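Whatever order the structure lists them in is the order used to number ligands and atoms, beginning at 1. Here the structure is a predicted model, which means the values were calculated and not measured.
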Amino acid sequence: MDRMLNIHTPRQCAITLNWSRYLSLYQLGFGARGIGFRDSSQDIMGALPGSPGYCKDLLIKLLSVQKVNGSAMHQFNPLTMVANMGDSAGEEDRPDYYSDDHLWGVLAVSEYIKETGDFTFLDQLIPYYEKDRAEKPLETASVWDHLKRAVNFTRENTGAHGLPLLGFADWNDTVNLPAGSESLFTAHLYGVALQEMINLAEIFEDSKAMEGFKADYQSMKTTVNHAAWDGEWYLRYYNHEGEPLGSHKNSHGQIYTNAQSWAVLSGFAPDDRARMSLEAVYQRLNTRKGIKLSTPGYDGFDPEKGGVTTYPPGAKENGGIFLHANPWVMIAETMLGNGDRAYQYYRQINPAIRNESIDEFECEPYVYPQNILGDEHPQFGLARNAWLTGTASWAYQAGIKYILGVRPEYLGLRIDPCIPADWSGFSLTRRFRGATYAIQVHNPGRIQKGVGSVSVDGELLDSNILPIFEPGTVHQVDVIMG
Ligand code: IFM
């Protein structure tokens, strides 16, 4: 964990952040895909501590391909700033937007402000994507307006159960259900985005906006718990005919990981359901080589479901160990206080431990691959698509912000570790807004979560949020878990 979080994962985050840019350069002449709105937003979240300026520039580009209605173009070329609708453009009978893209922008901007304290960014004017005949943007508005339109788009595009419409797809690119289908992933991502909007509105003392976001959050929480609890876990989708996917009623694709982890991340799952959902992930989806995305895999092409059914069971999004989704379960486990489980999940996908079985893994033992073939596949354990994966960003965030628990917030650096009970503590140095925090965490009671006391330079604090210090200063932080 030490070497991964200090060296290898930040390097992979930096490379992943830049990779799509180079790909765009290379592909300029071929009109190929360019940068993805969703992927780059998440890459930014892992690269912020090392490259805040670069991340800000990329955020500006991303927001300038957001549409006037609040949704976002799926991909764009950063050299020409020409954007496209991704694979949705080729399917005439399917919606032409992805239901998650624009919401990732809310998370990326929030994390940028937490890391840097650059609140003025919310006032910066950025055009929306649509242009008139003279190539002049139809509308330009503040970043805050871009974020508000993003959550409003989701609020206004819901289906028969009141859940967000899937559009062409959500984070899972390969499940492309007919128009009218609904997405639980997008419902939860919307919940996380609304929490960020509530916090930002509170800081800006915009109480009217804050009350609106709170009402929208409560409303979606009620809808999700009313429409999407399957008895032991949460559903993943409703199709256009109102049939659930990710239900015990389905013969294949009975349970999806993201529907469980994100129910916890969004705060929509009440405690008992949160625990049952994560236990279902452990019992039904976990393998010793990582957590599968769903199970059992679909067994044969089904034009209604789309790309996911083109893979054999156990491969890629069809029941494979899709690593990007693993850190979300780690984070969810820390939210419930389960440090042992969170670290078990961190460790079992740590590429470094694959050094012993490299002939099976076939990937660099310091790089997260996109996927590992799951236990339904004869080549269980074989990794593919090294380097270019959001796993790097999220494994970094899960490790530093949630397991070690050192997390930037708007008004300071929160210390909230959730570690294995047999750790006696750890030390970590974090540079934050120009100051250096030398943090020593002690765990005398061998607990998994809980902060008993925090002192900075020998002075006891009355909270676990470290203050913001003058740039260039160095501070000794002592945390006693209890
Ligand atoms: O979320 C997507 C990502 O945008 C591209 N690779 C596959 C992921 C899951 O479908």
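- Aromatic ring orientation, Trp229 versus Tyr234: perpendicular (interplanar angle above 60°, classes split at 30° and 60°).
- Those atoms of ligand 1 that come under 4.0 Å of a heavy atom in Asp173, given as number and element, are 2 (C), 3 (C), 4 (O), 5 (C), 10 (O).
- Distances below 4.0 Å separate heavy atoms of Glu317 from the following atoms of ligand 1: 7 (C), 9 (C), 10 (O).
- Sorted by first then second residue, the ring pair (Phe, Tyr, Trp, His ring centres under 6.0 Å) pairs that include residues 289-313, not counting sequence neighbours, number zero.
- Results of the ring pair (Phe, Tyr, Trp, His ring centres under 6.0 Å) test with His102 over Phe153, Tyr190, Tyr128 single out Phe153 as the only residue that passes.
- The six-membered or imidazole ring of His74 lies away from that of Phe37, with a centre-to-centre distance of 6.0 Å or more.
- With a heavy-atom cut-off of 4.0 Å, Asp39 touches ligand 1 through its side chain alone.
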